[in-house]
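I have placed the structure first, in the form of structure tokens, so that the comments after it can refer back to it.
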There are 2 protein chains.
Amino acid sequence: MASTRRPTLADVAERVGVSAKTVSRVLNEDGPVSEATRTKVLAVVEELGFRPNLMARNMRVGSRDSTIGLVVPELGNPFFGTVAGGVEDVVRDRGLTLLMGSSGEHQPLEHSLVTTFLARRISGLLVVPAAGSDHRYLRRERESGLPVVFLDRPATGLAADAVVSANEDGARMGVAHLVAHGHRRIAFIGDRPATLYTRKMRLRGYRAALVEAGLPYDPSLVVAAHDPYAAGVAVRRLLALATPPTAVFAANNFASLGVVPALAEAGRRDVALVGFDDLPLAAVLEPGLTVVAQNPAAMGTAAAEQILARLSGDRSAARTRTVPVALVARGSGELPPPSA
Amino acid sequence: MASTRRPTLADVAERVGVSAKTVSRVLNEDGPVSEATRTKVLAVVEELGFRPNLMARNMRVGSRDSTIGLVVPELGNPFFGTVAGGVEDVVRDRGLTLLMGSSGEHQPLEHSLVTTFLARRISGLLVVPAAGSDHRYLRRERESGLPVVFLDRPATGLAADAVVSANEDGARMGVAHLVAHGHRRIAFIGDRPATLYTRKMRLRGYRAALVEAGLPYDPSLVVAAHDPYAAGVAVRRLLALATPPTAVFAANNFASLGVVPALAEAGRRDVALVGFDDLPLAAVLEPGLTVVAQNPAAMGTAAAEQILARLSGDRSAARTRTVPVALVARGSGELPPPSA
DNA sequence: TTGTAGGCGTTATCAC
DNA sequence: GTGATAACGCCTACAA
């Protein structure tokens, strides 16, 4: 159990009776080495359990570490977990390692994580911005050529690549779906704060669908909720209105997780519902939950590939890539309004 | 956009007109520094956007990197995502950074990820072992004092710390719950392969509950399924038996995700069900899904704390910590058998 | 209060 | 084919 020092290149070299450089040559298949020394070196490497120190190597070689940093708001959220999985698949294939941190939607924490990552001399940075955070602090890094890609939400105060869902389009599609089934009073239950990028875009899609259908925009049908409980409260309040909505658009999965039980407890099987973002068990509900499904894994891989492209020298202007979403009809979104 | 070299301690020192050591002193609040030079140094640090290189620092100081490696089978799985979140919360508070990788339950990939982490000279290693993997390759690391903690499943061929769920206890509790509601023929739908640790322990709990209730063990009621689809198929097959089960114990969340829709489609609202591991929307199903809930966040924090304790010099024998589970009754587990 | 020498483990350069 | 030397960026130890 004695904390013995790990063997170094020099240790191996000494034991074999060659110089450190020769060992290095064998391991990196660099210059020419005689078969005899090669064999001997490899034997000693095995015997001592020598592993090259990547810190030292990266320092000497690139001054950039072979890592990619990823900051998400919340690791436990399956959406971000799946995004991270997509990222990791891509970077691992390229021999890069993933550094991860979660900000808890907390701007100072996001900043401090990013700073730590930068101090590690990461090769690229992926960030899902915390609500309300400002990214001017990354300007210098961008100028010095560090690839930075924003995920799910674009940067604020910085021209940088981004990969986002088709939020506006998806919301428009979901609301139009409700309209097509005869609904004219459709509630929107969105994120808080109202300035959150995804909420703004989805609300825009909601309004676009109303305009296309020639329906009025009624602010009293638009509410904010940042967790399932608040969404449930909001639904109960909406259903108690003088002219209640006949359908609900839940603009994120927390909202869905609150609206579904609220409708069930109220015994309101007649209220139509479309949610943004898919959920496990959504198909098993009665009725099944109709959703606008995002593709988090594709978002992760797209962002990682963008980083790799930048690392490979792509110097084109910053651009935002939009990952498509898909309407999955399962029943709740196809309920007709009572009048029909 | 020119990829300018990052400033170093020496750059700052030269610009200020002092030695590198003085700058270092200011930044680390090490020895005494006059207020004048301090101010000047900080100004230049700001002006140049200097950030100390953590790779270089770690190399000089500890020869260990201030990172903790975590390998999970699948990042997108909310269970492991939440575990990772628990880990990250703890290590971040201690100024450590999380290196993450996913093995896809694939032993060679797990091994290669661990090897990469070791080459980075991580300070500690957390592993959720891939199915069927062997950890003798970590013996040398353990002997050299590297803290290693296994998560969710213990190591094979290695004496090391582990943090696991109360699998046997939880399964016994869940099955006893069904027994208490009058069931005598209870199916067990578990993981594949059958050698998987969690499956073995949960099956053991299932059998213990049967013994306690004086019920016979019927192998034809025990099936393996590694995804929701297979679980659904298994349920249909079980219900078609001459003497079908009146209750099902779904030994993991994939099994639950298959059993719930299978029962719904078969119109079998009379079959009782208890699942191992909780799911979002579980409460909204009709009937609500009764589960044995695990505590993944607690598992993550417990494992991280164990690593930190080892890092702080705890040299006691390897031990396995068991995180409690809780039965959450929601309806599906309280359905009586038809005969009752 | 500040500076110099040396080294962490690796690789680049240029000899032999 | 192989080796000595210097250097990556930082900090420890020891002066001045």
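Chain letters run A, B, ... following the sequence lines, proteins first and then strands; every chain starts at 1.
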Side chain of B:Thr8 (C-beta onward), nearest among C:dT10, D:dG1, D:dG9:
D:dG9
Would you indicate which nucleotide in C:dG3, C:dT11, D:dC10 comes nearest to any side-chain atom of B:Leu9?
D:dC10
Could one point to a donor on the side chain of B:Arg60 or the base of D:dC10 with an acceptor on the other under 3.5 Å away?
no
In terms of side-chain geometry, is the basic nitrogen of A:Arg153 or A:Glu105 positioned less than 4.0 Å from the acidic oxygen of its partner?
yes
Given D:dG9, C:dT1, D:dT2, the nucleotide with the shortest approach to the side chain of A:Met59:
D:dG9
Taking only N and O in the side chain of B:Ser24, is any of them less than 4.0 Å away from OP1 or OP2 of D:dC11?
yes
On DNA chain D, more 5' by nearest nucleotide between A:Lys21 and B:Pro7 is A:Lys21
Please determine, for the side chain of B:Asn53, which listed nucleotide (D:dG9, C:dA12, D:dG1) has the closest atom?
D:dG9
Below 3.5 Å, does any donor atom in the side chain of A:Arg121 face an acceptor in the base of D:dG9, or the other way round?
no
Please report the closest heavy-atom contact between B:Arg310 and B:Ala317, naming both atoms and the distance.
NH2-O, 3.1 Å
Establish whether the base of C:dG3 is bridged to the side chain of B:Arg25 by a donor-acceptor pair shorter than 3.5 Å.
yes
Per B:Asp30 side chain, nearest of listed nucleotides D:dT12, C:dG3, C:dG9
D:dT12
A:Ile307 and A:Leu125, any side-chain heavy atoms less than 4.5 Å apart
no
Give a yes/no on whether any side-chain N or O of A:Thr22 is located under 4.0 angstrom from OP1 or OP2 of D:dG3.
yes
Is it the case that A:Ser112 and A:Thr115 place a side-chain donor and acceptor less than 3.5 Å from each other?
no
Which part of the nucleic acid does B:Asn58 contact within heavy-atom distance under 4.0 Å: base, sugar-phosphate only, or nothing?
nothing
A:Thr37 side chain near D:dG1 phosphate (N/O to OP1/OP2, under 4.0 Å)
no
